[in-house]
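Single-structure report; data block below.
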Amino acid sequence: MYIGQEIVVFENWFLIHFTENEGMAFGLTFGGDTGKLLLSLFRILAVGFIAYFLLRFIKQKAHIAIILSFCLILGGAIGNIMDSVFYGVLFSDSFGRVAEFMPEGGGYAPALYGRVVDMFYFPIIRSTWPEWFPFWGGQSFVFFRPIFNFADAAITVGVFLILIFQRQLQ
(Lines give C-alpha, C1' and ligand atoms only; values in the text may rest on other atoms or scores of the structure.)
Protein backbone atom coordinates (compact mmCIF):
# COMPACT_ATOMS: atom_id res chain seq x y z
CA MET A 1 0.00 0.00 0.00
CA TYR A 2 1.04 3.61 -0.41
CA ILE A 3 0.60 6.41 2.14
CA GLY A 4 -3.09 7.32 2.45
CA GLN A 5 -4.41 4.26 0.61
CA GLU A 6 -7.50 2.72 2.22
CA ILE A 7 -9.29 -0.59 2.15
CA VAL A 8 -12.87 -0.62 3.42
CA VAL A 9 -13.31 -3.53 5.83
CA PHE A 10 -16.77 -2.83 7.22
CA GLU A 11 -18.99 -0.21 5.62
CA ASN A 12 -17.54 3.22 6.25
CA TRP A 13 -16.49 2.89 9.87
CA PHE A 14 -13.66 0.32 9.81
CA LEU A 15 -10.89 0.97 7.33
CA ILE A 16 -7.36 -0.21 6.79
CA HIS A 17 -5.74 3.18 6.18
CA PHE A 18 -2.00 3.06 5.55
CA THR A 19 0.00 5.79 7.23
CA GLU A 20 3.42 6.11 8.80
CA ASN A 21 3.82 7.81 12.16
CA GLU A 22 6.92 9.99 12.49
CA GLY A 23 6.96 10.16 16.26
CA MET A 24 4.84 9.38 19.24
CA ALA A 25 1.13 8.79 19.75
CA PHE A 26 -1.09 10.84 17.45
CA GLY A 27 1.94 11.67 15.28
CA LEU A 28 3.45 14.08 17.79
CA THR A 29 7.13 14.82 17.18
CA PHE A 30 9.86 16.84 18.81
CA GLY A 31 13.38 17.95 17.96
CA GLY A 32 13.78 16.66 14.39
CA ASP A 33 16.38 13.91 13.93
CA THR A 34 17.80 14.36 17.44
CA GLY A 35 14.33 14.06 18.93
CA LYS A 36 13.62 10.95 16.85
CA LEU A 37 16.84 9.33 18.09
CA LEU A 38 16.08 10.26 21.70
CA LEU A 39 12.54 8.89 21.33
CA SER A 40 13.86 5.59 19.95
CA LEU A 41 16.42 5.31 22.76
CA PHE A 42 13.76 6.18 25.35
CA ARG A 43 11.51 3.44 23.97
CA ILE A 44 14.32 0.89 24.28
CA LEU A 45 15.04 2.03 27.86
CA ALA A 46 11.33 1.88 28.71
CA VAL A 47 11.13 -1.70 27.39
CA GLY A 48 13.95 -2.61 29.77
CA PHE A 49 12.05 -1.16 32.74
CA ILE A 50 8.80 -2.85 31.70
CA ALA A 51 10.59 -6.20 31.32
CA TYR A 52 12.18 -5.76 34.77
CA PHE A 53 8.82 -5.10 36.42
CA LEU A 54 7.19 -7.95 34.50
CA LEU A 55 9.81 -10.41 35.76
CA ARG A 56 9.40 -9.05 39.29
CA PHE A 57 5.62 -9.53 39.11
CA ILE A 58 6.06 -13.08 37.82
CA LYS A 59 8.47 -13.93 40.66
CA GLN A 60 6.06 -12.43 43.21
CA LYS A 61 3.21 -14.47 41.70
CA ALA A 62 1.21 -11.31 41.08
CA HIS A 63 -2.38 -11.43 39.87
CA ILE A 64 -2.55 -12.87 36.34
CA ALA A 65 -4.30 -9.71 35.06
CA ILE A 66 -1.30 -7.60 36.06
CA ILE A 67 1.13 -10.01 34.41
CA LEU A 68 -0.95 -10.09 31.21
CA SER A 69 -1.22 -6.30 31.26
CA PHE A 70 2.54 -5.90 31.38
CA CYS A 71 2.94 -8.56 28.68
CA LEU A 72 0.62 -6.59 26.40
CA ILE A 73 2.46 -3.34 27.06
CA LEU A 74 5.86 -4.98 26.58
CA GLY A 75 4.83 -6.72 23.35
CA GLY A 76 3.31 -3.53 21.94
CA ALA A 77 6.37 -1.47 22.85
CA ILE A 78 8.69 -4.01 21.23
CA GLY A 79 6.52 -4.01 18.09
CA ASN A 80 6.73 -0.23 17.76
CA ILE A 81 10.49 -0.31 18.40
CA MET A 82 10.92 -2.93 15.68
CA ASP A 83 9.16 -0.61 13.21
CA SER A 84 11.35 2.30 14.29
CA VAL A 85 14.56 0.29 14.09
CA PHE A 86 14.01 -1.83 10.98
CA TYR A 87 11.26 -0.38 8.78
CA GLY A 88 13.31 2.55 7.49
CA VAL A 89 16.31 0.30 6.83
CA LEU A 90 14.38 -2.41 4.96
CA PHE A 91 11.89 -0.38 2.88
CA SER A 92 11.85 2.59 0.53
CA ASP A 93 9.40 5.36 1.33
CA SER A 94 5.69 4.90 0.54
CA PHE A 95 4.79 8.38 -0.68
CA GLY A 96 2.77 8.00 -3.87
CA ARG A 97 3.91 4.41 -4.42
CA VAL A 98 4.09 1.02 -2.76
CA ALA A 99 7.28 0.67 -0.70
CA GLU A 100 9.99 -1.52 -2.12
CA PHE A 101 11.51 -4.20 0.14
CA MET A 102 15.33 -4.08 0.33
CA PRO A 103 15.75 -1.34 -2.29
CA GLU A 104 19.08 -0.93 -4.00
CA GLY A 105 20.96 1.74 -2.07
CA GLY A 106 19.13 1.02 1.19
CA GLY A 107 15.92 2.11 2.82
CA TYR A 108 14.61 5.58 3.50
CA ALA A 109 16.17 5.94 6.97
CA PRO A 110 18.96 4.53 9.14
CA ALA A 111 18.24 2.28 12.13
CA LEU A 112 16.31 4.01 14.96
CA TYR A 113 15.00 6.68 12.58
CA GLY A 114 12.24 4.71 10.84
CA ARG A 115 8.56 5.53 11.00
CA VAL A 116 5.97 3.35 12.74
CA VAL A 117 3.30 1.90 10.45
CA ASP A 118 -0.30 2.58 11.52
CA MET A 119 -3.34 1.17 9.74
CA PHE A 120 -6.50 0.67 11.83
CA TYR A 121 -8.97 3.51 11.38
CA PHE A 122 -12.46 3.64 12.90
CA PRO A 123 -14.16 6.89 11.83
CA ILE A 124 -17.37 5.83 13.57
CA ILE A 125 -19.19 9.15 13.16
CA ARG A 126 -18.57 11.64 10.34
CA SER A 127 -20.58 14.80 10.66
CA THR A 128 -20.46 18.59 10.78
CA TRP A 129 -20.55 20.73 13.89
CA PRO A 130 -23.73 22.86 14.10
CA GLU A 131 -23.20 26.47 12.98
CA TRP A 132 -24.02 27.75 16.48
CA PHE A 133 -21.29 25.63 18.13
CA PRO A 134 -18.45 27.85 19.47
CA PHE A 135 -15.09 27.79 17.63
CA TRP A 136 -15.83 24.77 15.39
CA GLY A 137 -19.30 25.65 14.07
CA GLY A 138 -19.76 24.47 10.49
CA GLN A 139 -16.51 22.49 10.43
CA SER A 140 -16.40 18.76 9.70
CA PHE A 141 -16.12 16.37 12.62
CA VAL A 142 -14.90 12.78 12.84
CA PHE A 143 -15.44 10.80 16.02
CA PHE A 144 -12.44 8.56 16.71
CA ARG A 145 -9.99 10.01 14.26
CA PRO A 146 -6.77 8.28 15.50
CA ILE A 147 -5.15 5.73 13.22
CA PHE A 148 -3.25 3.07 15.14
CA ASN A 149 -1.61 -0.34 14.84
CA PHE A 150 -1.85 -3.65 16.67
CA ALA A 151 1.04 -2.70 18.98
CA ASP A 152 -0.73 0.53 20.00
CA ALA A 153 -3.91 -1.45 20.72
CA ALA A 154 -1.96 -3.92 22.90
CA ILE A 155 -0.38 -1.08 24.88
CA THR A 156 -3.75 0.62 25.36
CA VAL A 157 -5.50 -2.57 26.51
CA GLY A 158 -2.58 -3.30 28.86
CA VAL A 159 -2.79 0.16 30.44
CA PHE A 160 -6.58 -0.10 30.85
CA LEU A 161 -6.21 -3.52 32.50
CA ILE A 162 -3.71 -2.06 34.96
CA LEU A 163 -6.17 0.71 35.79
CA ILE A 164 -8.97 -1.83 36.25
CA PHE A 165 -6.89 -4.24 38.36
CA GLN A 166 -4.77 -1.66 40.20
CA ARG A 167 -5.86 -2.92 43.61
CA GLN A 168 -4.11 -6.22 42.92
CA LEU A 169 -0.83 -4.28 42.61
CA GLN A 170 -0.92 -3.41 46.31
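What you see below is based on every heavy atom in this structure, not just the backbone, and it leaves out hydrogens, waters and symmetry mates.
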Checklist outcome for this item: Between the CD atom in Glu100 and the CG atom in Leu90, the distance rounded to the nearest 0.5 Å is 12.0 Å
Checklist entry - Is the side chain of Tyr52 donor-acceptor paired with the backbone N or O of Val47 at a distance under 3.5 Å, no angle test? => result no
Checklist entry - Would a 4.5 Å heavy-atom cut-off, applied to side chains only, mark Leu54 and Cys71 as touching? => result yes
Checklist entry - What's the shortest heavy-atom distance between Ser92 and Ala99, and which atoms? => result O-CB, 3.3 Å
Checklist entry - For the hydrophobic clusters of this structure (ILVMFWY residues joined by side-chain heavy atoms under 4.5 Å, transitively), does one cluster hold both Val98 and Phe86? => result no
Item to check | Geometric class of the His63/Phe165 ring pair [parallel <30°, tilted 30-60°, perpendicular >60°] | outcome: parallel
Next on the checklist: Looking at Phe150, I want to see if its CZ is surrounded by more than 12 non-hydrogen atoms of other residues, nucleotides or ligands under 6.0 Å.
Outcome noted: no
Checklist entry - Angle class for the Trp129/Phe133 ring planes (parallel below 30°, perpendicular above 60°, tilted otherwise)? => result parallel
Checklist entry - Taking all non-hydrogen atoms of both residues, which atom of Leu15 and which atom of Pro123 are closest, and how far apart? => result CD1-CG, 3.9 Å
Checklist entry - How long is the span from the CD atom in Gln5 to the CZ atom in Arg97, to the nearest 0.5 Å? => result 14.0 Å
Checklist entry - So, Glu20 versus Tyr87: side-chain donor-acceptor pair below 3.5 Å or not? => result yes
Item to check | Closest heavy-atom pair and its distance - Ile16, Met1 | outcome: O-CE, 3.9 Å
Item to check | Within one Ile-Leu-Val-Met-Phe-Trp-Tyr cluster: Leu45 and Leu37, side-chain cutoff 4.5 Å | outcome: no
Checklist entry - Any idea which heavy atoms bring Ser69 and Leu161 closest together, and the distance? => result OG-CB, 3.0 Å
Checklist entry - Transitively linked via ILVMFWY side-chain contacts under 4.5 Å: Val9 with Tyr121? => result no
Checklist entry - Out of curiosity, Arg43 CZ to Leu38 CG, how far, rounded to the nearest 0.5 Å? => result 12.0 Å
Checklist entry - When rounded to the nearest 0.5 angstrom, what is the spacing between CG in Asp93 and OH in Tyr108? => result 8.5 Å
Item to check | Ring centre gap for Phe101 and Phe91 strictly below 6.0 Å | outcome: yes
Item to check | Exercise: identify the closest heavy-atom pair between Ala154 and Leu72 | outcome: O-CB, 3.4 Å
Checklist entry - If you measure only the distance, is there a donor-acceptor pair under 3.5 Å linking the side chains of Thr128 and Ser140? => result no
Item to check | Enclosure of Phe160 CZ (heavy-atom neighbours >12, cutoff 6.0 Å) | outcome: no
Checklist entry - Under a 4.5 Å side-chain heavy-atom rule over Ile, Leu, Val, Met, Phe, Trp and Tyr, are Val117 and Ile7 clustered together? => result yes
Item to check | Test side chain to side chain contact (heavy atoms under 4.5 Å, CB included) applied to Leu112 and Leu41, step by step | outcome: CA-CA 8 Å; Leu112 299 177; Leu41 294 174; 4.2 Å; yes
Checklist entry - Arg126 and Asn12: which non-hydrogen atoms are nearest, and at how many Å? => result NH2-O, 3.7 Å
Checklist entry - Where does the angle between the aromatic ring planes of Phe53 and Phe57 fall among parallel (under 30°), tilted (30 to 60°) and perpendicular (over 60°)? => result tilted
Checklist entry - Can you find a side-chain donor-acceptor pair between Asp83 and Asn149 that sits under 3.5 Å? => result no
Checklist entry - Mind checking whether Phe143 and Trp13 have side chains closer than 4.5 Å, heavy atoms only? => result no
Next on the checklist: Tell me whether Lys36 contacts the main-chain N or O of Gly114 through its side chain, where contact means a donor paired with an acceptor under 3.5 Å.
Outcome noted: yes
Item to check | Expected output: side-chain Ser84 to main-chain Asn80 donor-acceptor under 3.5 Å | outcome: no
Checklist entry - Among all residues two or more places apart in sequence or in another chain, which pass the side chain to side chain contact (heavy atoms under 4.5 Å, CB included) test with Ile50? => result Phe70, Ile73, Leu74
Checklist entry - When rounded to the nearest 0.5 angstrom, what is the spacing between CG in Asn21 and CG in Asp118? => result 5.0 Å
Item to check | same_hphob_cluster(Val116, Met82) at 4.5 Å side-chain heavy-atom cutoff | outcome: no
Checklist entry - Do the side chain of Ser94 and the main chain of Tyr2 share a donor and acceptor less than 3.5 angstrom apart? => result no
Item to check | CD-CD distance between Glu131 and Gln139, expressed to the nearest 0.5 angstrom | outcome: 9.5 Å
